[in-house]
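Taking it in order: structure first as structure tokens, then the write-up.
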Number of protein chains: 2
Amino acid sequence: MNIYSFSAREAGIPVFAINRKERDRKLRRMDILSAAEHVFGRKGYYKATMQDIARQAQYATGTVYLYFKDKETLYFSLVEEKMRDLLALIKERTAAVRDAQEKLKIYLEEKLDFFEKNQDFFRIFILENGAAQASIDSRIATSALAKEYLACISEIMRLAQKQKLVRADMDPSQGAGIFRSISNAVIMDWLKKNMQQTLSLRQMSRFILDIFLGGARPSDETK
Amino acid sequence: MNIYSFSAREAGIPVFAINRKERDRKLRRMDILSAAEHVFGRKGYYKATMQDIARQAQYATGTVYLYFKDKETLYFSLVEEKMRDLLALIKERTAAVRDAQEKLKIYLEEKLDFFEKNQDFFRIFILENGAAQASIDSRIATSALAKEYLACISEIMRLAQKQKLVRADMDPSQGAGIFRSISNAVIMDWLKKNMQQTLSLRQMSRFILDIFLGGARPSDETK
DNA sequence: TTAAAAAATGAATATATATTCATTTTCAGC
DNA sequence: GCTGAAAATGAATATATATTCATTTTTTAA
């Protein structure tokens with residue numbers, strides 16, 4: 001079992017040790033990815049050194065290079081694999097319902113759960129989404145996965161328009177951007193105020209949806 | 001006159017050349033800041049080299065160091081001075097009205113105008129606001145100015161609550177974060193879709209305010 | 001138990017670029 | 001035009017760290 005947060009979703013590890021060698025290699029690779037997540041998430045790409053990451057993973061510096069070609073590739077793999085996990089979850093869960101509002105709700109819940117478990121990764125994620133120009137590894141901004149992620153939310157937005165849940169005068173990708181931003185702002189606020197103890201992030205999903213759909217105006221009782 | 005975007009607001013340049021030496025020095029300093037804005041905004045802090053910046057400013061590498069102690073200080077000065085300009089504008093203009101909705105509107109308009117003129121700076125700004133942890137120069141995240149900027153919007157939010165414009169169950173700083181995120185998302189979208197030609201950013205202010213206050217739901221005509 | 005193979009090590013190397021500074025150019029006042 | 005001061009130059013230096021690789025340690029299988 002992996003005490004860090006890296007997911008085995010993509011590792012394809014068989015329960016029976018049909019191929020121990022390969023399995024072990026994948027596990028070690030995941031250890032390094034977890035260490036990288038920890039260090040990159042806290043220090044940012046440039047301030048994080050390969051030695052930091054190696055130490056965090058309890059390896060010597062050179063060992064990291066047996067698993068990843070170079071620093072950029074390590075970072076790229078990390079971002080890709082985490083995003084793939086998140087996207088897979090979201091797609092799987094939202095595909096199960098037809099209603100746009102329900103899809104939005106599920107999207108939010110999956111995302112909030114995911115980042116509650118992957119707080120270090122959230123900082124990486126937000127930076128990569130923040131300013132595509134400054135994307136550290138240009139492969140990320142242009143990756144099929146990044147486009148797919150955006151397309152997925154835009155698709156939900158389009159459906160929401162068809163179902164008259166969302167105003168029609170809003171470009172779906174713009175709507176997706178706004179929805180994403182609101183949820184990121186709330187996650188950021190939750191992280192900053194360190195509410196981990198008292199409140200689960202998932203509980204914010206109702207609030208976020210309210211704000212996105214109904215806005216910040218009071219729901220007219222006393223006006 | 002400065003063909004770049006750096007503002008003279010803080011330069012305190014007298015119309016009559018009482019002190020040409022000092023004035024010239026300030027102008028050259030501003031040239032370097034403009035060059036830095038251009039390069040940092042496009043490449044990001046780490047990929048931007050001092051040589052890039054010097055070349056952009058039409059100086060030799062060493063000359064930059066006659067005006068700024070080191071790269072971090074150059075970056076810090078840039079961020080500080082631009083943010084000071086923006087904050088001064090916002091404070092000045094919003095102070096002139098009492099109505100919270102009017103304040104929000106003015107805040108938006110000033111911000112949109114500002115970033116329409118300072119597109120390179122927007123990317124820097126959004127990164128610095130994105131993930132405080134990864135703030136490039138730790139002085140920025142902790143600077144009085146950064147706090148003041150947030151406090152200023154939070155203050156408007158508090159007033160909006162008092163005036164029943166905004167729901168009361170929302171922490172003012174959280175509301176400020178959400179409001180900021182929405183506007184940033186819209187600016188980002190505008191930049192990405194390269195609408196400079198056809199549509200001024202300022203024209204988006206009505207839309208942003210609508211979304212923030214009233215949400216993305218259609219304004220019930222056909223339901 | 002042993003020897004070959006695989007994995008890990010970490011000191012040494014390569015590289016990139018921030019920063020310095022001896023030299024050159026420009027400028028101001030005479 | 002000349003001279004000393006100020007400004008600018010850009011090649012040389014310093015530094016940090018990504019990457020490599022000769023050596024050591026561990027594992028495997030007979």
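Letters A, B, ... mirror the listed sequences (proteins, then strands); counts begin at 1. What you see is a predicted model, and the numbers here were worked out from it, not measured in a lab.
The aromatic rings of B:Y46 and A:Y46 lie parallel to each other, with less than 30° between the two planes, well short of the 60° mark.
When rounded to the nearest whole Å, the span between CZ of B:R55 and P of D:dT9 equals 13 Å. Note: CD1 (A:I53) to P (D:dT17) measures 12 Å, nearest angstrom. Distance, B:Y45 OH to C:dA16 P: 19 Å, rounded to whole Å. One atom, NZ of A:K43, and another, P of D:dA16, lie 14 Å apart when rounded to the nearest Å. Going from atom NZ of A:K69 over to atom P of D:dA18 covers 14 Å, rounded to whole Å. Rounded to whole angstrom, the span from the CD atom of B:Q51 across to the P atom of C:dA16 amounts to 13 Å. A straight line from CD1 of B:I32 to P of C:dT19 spans 14 Å, rounded to a whole angstrom. Distance, B:R29 CZ to D:dA7 P: 15 Å, rounded to whole Å.
In this structure, the separation between CG on A:D189 and CE on A:M195 is 7.0 Å, given to the nearest 0.5 Å.
Contact annotation for A:F68: no contact, since no heavy-atom pair falls under 4.0 Å across all strands.
Distance from the side chain of A:Y59 is smallest to C:dA8 among C:dA8, D:dA8, D:dA18. Closest approach to the B:T61 side chain among D:dT19, C:dT19, C:dA7 is made by C:dT19 (side chain taken as heavy atoms from C-beta onward). Comparing atom distances between the A:A60 side chain and each of C:dA18, C:dG10, D:dT19 picks out C:dG10 as nearest. You'll find that the side chain of A:Y67 is closest to C:dA7, out of C:dA18, C:dA7, D:dT19.
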A:T73 vs A:D70, side chain to side chain donor-acceptor pair (under 3.5 Å): CA-CA, chis, key distance, verdict = CA-CA 5 Å; A:T73 300; A:D70 54 26; 2.8 Å; yes
Please walk me through it: do A:S181 and B:M188 pass side chain to side chain contact (heavy atoms under 4.5 Å, CB included)?
-> CA-CA 11 Å; A:S181 305; B:M188 189 70 88; over 6 Å; no
Atom pairs under 3.5 Å: protein N/O with N/O of nucleotides 21-29 of chain C:
unit_1	atom_1	unit_2	atom_2	d
C:dA28	OP1	B:R20	NH1	3.1

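Residue order along DNA chain D, read from the 5' end via each residue's closest nucleotide, puts B:R28 first among A:Y46 and B:R28.
Exactly one of B:K47, B:R42, B:K43, B:K71 qualifies for a salt bridge (Lys or Arg N to Asp or Glu O under 4.0 Å) with B:D52. That residue is B:K43. Among A:F40, A:F114, A:Y149, the single residue meeting the ring-ring contact (aromatic ring centres under 6.0 Å, His included) criterion with A:F125 is A:Y149.
The heavy-atom pair separating A:L112 from A:M204 by the smallest distance is CD1-C, 4.2 Å.
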